[in-house]
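In what follows, a structure is listed as C-alpha cells, so that the remarks can point back to it.
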Amino acid sequence: MALYSEKVMDHFKNPRNVGSIENADGVGQVGNAKCGDIMKMYLKIEDDTIVDVKFETFGCGSAIASSSMATELIMGKKLSDALALTNKAVVEALDGLPTHKIHCSVLAEEAIKSAVQDYYDKNGIEYDPELFKKGPSCEDHD
C-alpha cells in the first residue's frame with residue numbers, strides 16, 4: 001500500500017484555494033515549532049456563511065493536502081458547520097493519512113477555528129470558548 005492516498009497526492013500537487021484574501025473577515029494562524037508546519041486561513045463571510053476561503057501553508061505534503069481539503073469542506077458552509085469540522089473528517093476526505101501525519105489534519109481544524117474566532121472577536125460576537133479548545137498537538141503524534 002502506498003504511504004499516501006491518491007487524494008492526498010492530488011491535493012498536495014494541485015492544492016485548492018491557495019493564497020490570501022485581502023480584507024479577510026477572519027484570519028487564523030496556527031503552527032508547531034516541533035513539526036515546523038504553519039497554516040494560515042483566511043475567511044470571507046456573508047450572512048454567517050463562508051463565501052471564500054484561502055490558505056497559506058508552510059509545511060510538508062500532508063499539511064498542504066490537509067489545508068487544501070479543509071478549505072473545500074468548509075466553502076459555502078455556515079460558520080457553525082465549519083466549527084464542527086473535525087480533523088477526522090479531513091483525514092477521511094483525504095482517504096487517510098499516515099499516523100505520524102495526523103497532526104497535519106489537527107492543524108487544519110485549528111486554523112479554521114482560529115479564523116472563525118478572529119471573525120467573532122472582530123465583530124463582537126459572543127461565543128463559547130469551549131468551541132475553540134485546542135486538540136492534540138504534533139507532540140502527541142510524532
Side-chain angles (χ1 to χ4, degrees), residues 3-142:
L3 185 60
Y4 296 105
S5 72
E6 286 182 31
K7 281 189 184 176
V8 170
M9 293 306 296
D10 181 39
H11 278 268
F12 167 62
K13 291 178 179 177
N14 307 292
R16 283 61 149 188
N17 307 307
V18 175
S20 63
I21 298 174
E22 194 170 321
N23 300 315
D25 296 310
V27 179
Q29 182 170 313
V30 297
N32 186 284
K34 183 177 179 201
C35 62
D37 295 331
I38 300 170
M39 293 182 187
K40 192 168 189 178
M41 289 272 178
Y42 301 84
L43 301 177
K44 199 66 165 168
I45 300 162
E46 293 176 10
D47 299 322
D48 199 44
T49 300
I50 297 169
V51 295
D52 196 10
V53 56
K54 299 272 190 257
F55 78 92
E56 296 174 316
T57 293
F58 177 83
C60 66
S62 295
I64 292 166
S66 293
S67 301
S68 175
M69 180 57 81
T71 63
E72 288 210 314
L73 292 171
I74 66 168
M75 181 75 81
K77 303 284 188 194
K78 293 285 186 191
L79 291 176
S80 58
D81 294 330
L83 286 174
L85 182 71
T86 64
N87 75 294
K88 289 180 179 66
V90 174
V91 171
E92 287 173 11
L94 288 170
D95 292 337
L97 283 173
T99 304
H100 67 284
K101 293 296 184 178
I102 296 295
H103 68 270
C104 296
S105 64
V106 172
L107 285 174
E109 175 186 336
E110 289 178 352
I112 291 165
K113 287 182 176 178
S114 179
V116 172
Q117 185 175 21
D118 180 57
Y119 169 73
Y120 285 167
D121 289 342
K122 285 179 180 173
N123 291 281
I125 298 169
E126 289 188 32
Y127 57 84
D128 179 357
E130 289 291 310
L131 291 172
F132 300 99
K133 285 182 107 174
K134 299 262 188 243
S137 67
C138 293
E139 288 88 3
D140 297 325
H141 295 287
D142 288 345

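The distance from atom CD1 of I112 to atom CD1 of I74, rounded to the nearest 0.5 Å, is 4.0 Å. Between the CD1 atom in I21 and the CG atom in D52 there is a gap of 4.0 Å [rounded to 0.5 Å]. Atom-to-atom distance recorded for L43:CG and L79:CG is 7.5 Å, nearest 0.5 angstrom.
Remark: N123 pairs with Y119, I125 by the side chain to side chain contact (heavy atoms under 4.5 Å, CB included) rule, at least two apart or across chains. In this structure E92 satisfies the salt bridge (charged side-chain N to carboxylate O under 4.0 Å, His left out) test with no other residue, sequence neighbours excluded. By the side chain to side chain donor-acceptor pair (under 3.5 Å) test, K122 is found to be paired with D118, residues two or more places apart in sequence or in another chain being considered. Residues forming a side chain to side chain donor-acceptor pair (under 3.5 Å) with S62 (at least two apart in sequence, or on another chain): none. Annotation: side chain to side chain contact (heavy atoms under 4.5 Å, CB included) contacts of A108 (sequence neighbours excluded): M39, S66, A70. Under the side chain to side chain donor-acceptor pair (under 3.5 Å) criterion, D95 pairs with no residue, sequence neighbours left out. Residues meeting the salt bridge (charged side-chain N to carboxylate O under 4.0 Å, His left out) test with E46, sequence neighbours left out: none. A search for side chain to side chain donor-acceptor pair (under 3.5 Å) contacts involving K113 returns E109, not counting sequence neighbours. For D47, the side chain to side chain contact (heavy atoms under 4.5 Å, CB included) test picks out no residue, with sequence neighbours left out. With sequence neighbours excluded, no residue forms a side chain to side chain contact (heavy atoms under 4.5 Å, CB included) with E126.
Across every non-hydrogen atom of V53 and M75, the tightest pair is CG1-CE, 3.6 Å. Between S114 and V30, the shortest heavy-atom contact is CB-CG1, 4.2 Å. Of all the heavy atoms in T71 and M41, the pair that sits closest is CG2-SD, 3.8 Å. Considering all non-hydrogen atoms of both residues, I64 and G59 come closest at CD1-O, 3.8 Å. For L73 against A93, the heavy-atom pair with the smallest separation is CD1-CB, 4.0 Å. Closest non-hydrogen pair, K54 versus V18, comes out as CD-O, 3.7 Å.
Applying the side-chain hydrogen bond (donor to acceptor under 3.5 Å, both in side chains) test to residues at least two apart or on different chains, the pairs with a partner in residues 77-86 are T49-K78. For residues 13-32, every residue pair satisfying the salt bridge (Lys or Arg N to Asp or Glu O under 4.0 Å) rule, not counting sequence neighbours, is listed here: D10-R16, R16-E72.
Not less than 6.0 angstrom separates the ring centroid of F12 from the ring centroid of Y4.
Under the side chain to side chain contact (heavy atoms under 4.5 Å, CB included) rule, L97 has a single partner from V90, N87, V8, which is V8.
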Step-by-step side chain to side chain contact (heavy atoms under 4.5 Å, CB included) determination, F58 to K40: CA-CA 9 Å; F58 177 83; K40 192 168 189 178; over 6 Å; no
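Side-chain polar atoms of D121 and Y127 form a donor-acceptor pair below 3.5 angstrom.
Side-chain atoms of S5 come within 3.5 Å of backbone atoms of L94 as a donor-acceptor pair (strictly under, hydrogens ignored). In this structure, K88 contributes its side chain and S105 its backbone to no donor-acceptor pair below 3.5 Å.
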